[in-house]
Amino acid sequence: MLSIVVPLYNEVEVLISFHDVLYEVLNKIKEPFELIYVDDGSTDGTAQLLEELHQQCDKVNVIFLTANFGHEAAMVAGLNAARGEYIFCMDGDLQHPPSMIPHMFQKIKEGYELVLMRKSSLKTYPLLRLLATRVYYCLLKVVLPHGFDPYISDFFVIKKRIRDIIVRQYVERTRLLRGILQSLGFKKAVLDYEPGWRKAGKSKYSFTSLGLLSLEMLSMFSEKPLRIGILLGFLMALFATIVGIYSLVMYFIDKPVSGYTTIVVLLSLVSAFQFILLGIIGNYVGFVFREIKKRPLYLIERTLFHES
């Protein structure tokens with residue numbers, strides 16, 4: 001059986017369109033399937049619409065979370081509940097095209113443990129978001145370990161045993177599945193896709209969300225930001241040496257340098273570097289603090305499941 005996990009947050013405007021397209025694609029595969037919609041604390045009528053879909057269709061199962069725990073938590077909740085041998089995960093806004101599911105299924109039947117989907121273009125993004133996203137991806141390419149592809153999305157299919165590894169052994173509170181899946185090391189395939197246009201509603205990823213997402217990815221998968229302190233220390237030492245040599249030379253040729261400007265520049269640079277480093281260290285400390293509290297990743301209010 002195929003399990004398709006779809007986290008949703010305030011997608012009432014596009015949900016029916018997405019469901020109809022997805023259902024049509026899955027019927028063509030000629031394999032038993034279940035849909036698992038995860039309502040991540042929606043406030044716009046998405047929950048009521050999911051109840052109607054569950055009553056109308058015996059393939060639709062629904063998990064209602066008690067609050068908005070975030071996209072990653074909603075995905076994990078759906079993965080935990082999935083009963084199929086092959087588990088797909090995708091967004092419900094039609095930017096992850098359901099038409100790619102048969103290609104993904106074909107790949108995983110060829111013997112791959114997981115199939116990841118990579119964005120081939122970003123032309124469907126609004127201009128400002130496109131610029132922010134490109135900056136975000138360039139940053140990740142620099143600081144993430146070799147082999148990590150920032151264009152990999154939350155659109156993937158995995159076998160059941162990979163799901164079991166993710167939910168049982170990767171127990172950190174802060175997760176980024178697209179990064180975890182790339183680090184597993186199992187036999188995987190990567191397919192390119194062109195993100196579809198959002199049919200209605202608006203993206204839940206603002207500039208702030210992208211910034212927080214990049215900080216989380218850096219904290220989870222890279223220690224390079226912590227090493228920035230060493231580099232900045234060497235740069236400051238080099239700068240101080242140059243300034244010192246210049247001041248001595250000017251002193252001996254009877255053209256002493258005014259100390260006021262030098263002191264102000266040095267203090268400004270040192271203060272700026274210190275605050276940058278404190279921010280980086282604080283981000284990692286906050287990450288550790290969230291982990292040691294061991295709070296639940298999500299809470300379920302209720303579920304609507306058909307018997308398999």
Side-chain angles (χ1 to χ4, degrees), residues 1-11 15 18-19 22 26 31-42 46-47 50-51 53-54 57-92 96 101 104-105 108 112-117 152-186 188 204 213 216-217 220 290-291 293-308:
M1 183 169 69
L2 313 183
S3 294
I4 292 78
V5 174
V6 184
L8 298 167
Y9 177 65
N10 289 348
E11 297 288 3
L15 178 55
F18 168 80
H19 176 77
L22 178 61
L26 292 172
E31 295 282 351
F33 67 89
E34 65 172 353
L35 303 179
I36 302 177
Y37 291 117
V38 184
D39 178 47
D40 189 23
S42 297
T46 299
L50 288 174
E51 288 183 2
L53 285 175
H54 172 76
C57 179
D58 62 359
K59 302 291 188 181
V60 173
N61 303 312
V62 188
I63 299 172
F64 299 95
L65 303 186
T66 60
N68 179 223
F69 289 93
H71 188 261
E72 296 291 325
M75 282 195 293
V76 174
L79 291 176
N80 266 314
R83 299 173 291 186
E85 182 63 30
Y86 306 105
I87 305 167
F88 294 75
C89 196
M90 63 191 304
D91 291 346
H96 291 166
I101 289 178
M104 300 164 69
F105 186 48
I108 206 148
Y112 293 98
E113 298 290 331
L114 61 160
V115 179
L116 307 179
M117 303 299 290
I152 296 294
S153 69
D154 291 319
F155 187 17
F156 58 82
V157 56
I158 57 178
K159 288 187 176 180
K160 188 176 182 179
R161 78 182 189 112
I162 301 297
R163 186 281 307 271
D164 293 342
I165 290 172
I166 291 173
V167 300
R168 294 174 185 173
Q169 298 184 40
Y170 283 78
V171 295
E172 56 261 39
R173 303 300 94 188
T174 304
R175 308 187 191 198
L176 202 63
L177 288 179
R178 68 181 74 174
I180 291 174
L181 290 173
Q182 291 186 68
S183 68
L184 290 178
F186 290 93
K188 64 176 178 286
K204 307 307 181 294
L213 186 64
E216 287 185 356
M217 188 169 244
M220 284 185 282
R290 290 194 299 271
E291 292 300 312
K293 287 189 292 186
K294 295 190 180 299
R295 291 181 178 176
L297 187 63
Y298 57 85
L299 295 174
I300 296 176
E301 179 180 311
R302 59 195 174 99
T303 61
L304 298 175
F305 270 71
H306 294 285
E307 293 296 328
S308 57

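Only a predicted model underlies this, so the values are computations on that prediction, with no experimental measurement involved. Counting begins at 1 with the first residue of the sequence.
The CZ atom of F305 sits 4.5 Å away from the CD1 atom of I63 when rounded to the nearest 0.5 Å. Within the model, atoms CG of L2 and CZ of F88 stand 5.5 Å from one another, a figure rounded to the nearest 0.5 Å. Remark: I87 CD1 to I162 CD1 distance equals 10.0 Å, nearest 0.5 Å. Taken from CD in E85 to CE in M1, the straight-line distance is 10.0 Å, to the nearest 0.5 Å.
Distance alone, capped at 3.5 Å, is enough to place a donor-acceptor pair between the H54 side chain and the V60 backbone. Within the 3.5 Å criterion, the main-chain N or O of R178 finds a donor-acceptor partner in the side chain of Q182. Between the side chain of T46 and the main chain of E11, a donor-acceptor pair closer than 3.5 Å is present. Judged by distance alone, with hydrogens and angles left aside, the side-chain atoms of H19 form no donor-acceptor pair with the main-chain N or O of L50 at under 3.5 Å. Without hydrogens or angle criteria, E72 side chain to L177 main chain gives a donor-acceptor distance under 3.5 Å. A donor-acceptor distance shorter than 3.5 angstrom exists from the side chain of D40 to the backbone of G70, with no hydrogens or angles considered. The closest donor-acceptor contact from the side chain of N61 to the backbone of I36 lies at 3.5 Å or more, if one exists at all.
No hydrogens or angles considered: nothing links the side chains of H96 and D154 as a donor-acceptor pair under 3.5 Å.
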Practice item. Determine, step by step, whether E34 and S3 satisfy the side chain to side chain donor-acceptor pair (under 3.5 Å) criterion, reporting the C-alpha distance in whole Å, the side-chain angles of both residues, the deciding distance to 0.1 Å, and the verdict. Key: CA-CA 5 Å; E34 65 172 353; S3 294; 2.6 Å; yes
